[in-house]
Visitor: 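One structure, as structure tokens, below. Some questions next.
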Amino acid sequence: MKLTKTTALPELGVSHDAEIKKKVFISKGEIPQLMMYGSAVFTPGQSVELHQHDTMFEVFYIQSGKAEFIVNSKIFIVEKGDCITIEPGELHAQNNPFDENVTWTYFGIATD
């Protein structure tokens with residue numbers, strides 16, 4: 001059993017050189033095939049550049065606000081209550097071009 005108190009977690013920078021505030025509830029290696037499980041806050045203007053994961057699904061559940069996801073050159077606006085799944089090999093980026101913060105929880109599942 002593991003209990004994680006969000007208030008006790010440090011805020012970390014998200015990968016891809018963005019300065020997004022995130023908290024990791026479960027790290028890689030704690031549960032087989034789970035790469036990470038955490039939350040992130042994107043302030044207006046923040047973004048993560050185009051990238052892909054060859055052997056990982058990523059799932060994002062939008063808790064507040066809205067964001068723009070670009071997946072394989074298509075733009076999707078996601079908002080509170082939406083869940084978006086990025087499949088292995090899909091080229092994707094995220095950004096917040098809106099006037100309010102967007103928060104989400106997310107996790108990654110390895111396929112290898």
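Along the sequence shown, residues carry numbers from 1. It should be emphasised that the depicted structure is a prediction, and the values quoted were computed from it without experimental measurement.
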Visitor: Quick check against the 3.5 Å criterion: does S47 have a side-chain atom that pairs as donor or acceptor with the backbone of Q94?
Guide: no
Visitor: Could you give the distance from CZ (F98) to CD (E68), rounded to the nearest 0.5 Å?
Guide: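 Answer for the CZ-CD pair, F98 versus E68, is 6.0 Å.
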Visitor: Could you state the interatomic distance from CE (M56) to CE (M35), rounded to the nearest 0.5 Å?
Guide: 6.0 Å
Visitor: Are side-chain N/O atoms of N96 and Q46 paired as donor and acceptor at under 3.5 Å?
Guide: no
Visitor: Report yes or no: do I84 and Y61 belong to one cluster of Ile/Leu/Val/Met/Phe/Trp/Tyr joined by side chain heavy-atom distances under 4.5 Å?
Guide: no
Visitor: Which heavy atom of C83 sits nearest to which heavy atom of V59, and what is that distance?
Guide: SG-CG1, 3.6 Å
Visitor: Would a 4.5 Å heavy-atom cut-off, applied to side chains only, mark S39 and T105 as touching?
Guide: yes
Visitor: Looking at OG of S73 and CG of L91, how far apart are the two atoms once the value is rounded to the nearest 0.5 Å?
Guide: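 One gets 7.0 Å once the value is rounded to the nearest 0.5 Å.
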Visitor: Quick one, F42 and N101 - any side-chain contact, counting heavy atoms below 4.5 Å?
Guide: no
Visitor: Check K66 against I77 and note the closest heavy-atom contact, atom names and distance.
Guide: CD-CG2, 4.3 Å
Visitor: Of all heavy-atom pairs between D99 and P44, which one has the smallest distance, and what is that distance?
Guide: C-CG, 3.6 Å
Visitor: Anything under 30° is parallel, anything over 60° is perpendicular, the rest tilted; go ahead and classify F60 against W104.
Guide: perpendicular
Visitor: Kindly work out whether a path of hydrophobic side-chain contacts (I/L/V/M/F/W/Y, heavy atoms less than 4.5 Å apart) joins I109 to Y37.
Guide: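 Looking at the clustering, Y37 is in the same group as I109.
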Visitor: Do you know which two heavy atoms are closest between I62 and F69, and how far apart they sit?
Guide: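 Taking every non-hydrogen atom into account, CD1-CE1, 4.5 Å.
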Visitor: Can you tell which of Q52, E49, E58 makes a side-chain hydrogen bond (donor to acceptor under 3.5 Å, both in side chains) with H92?
Guide: E58
Visitor: Apply the test side-chain hydrogen bond (donor to acceptor under 3.5 Å, both in side chains) to residues T55 and T111: give CA-CA distance (whole Å), side-chain angles for both, the deciding distance (0.1 Å), then the verdict.
Guide: CA-CA 5 Å; T55 60; T111 60; 4.8 Å; no
Visitor: Could you pull out the closest heavy-atom pair between A93 and V48, with the gap in Å?
Guide: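 Between these two residues, the closest heavy atoms are CB-O, 3.2 Å.
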Visitor: According to a hydrophobic-cluster definition based on side-chain heavy atoms being under 4.5 Å apart (Ile, Leu, Val, Met, Phe, Trp, Tyr only), do I86 and I70 belong together?
Guide: no
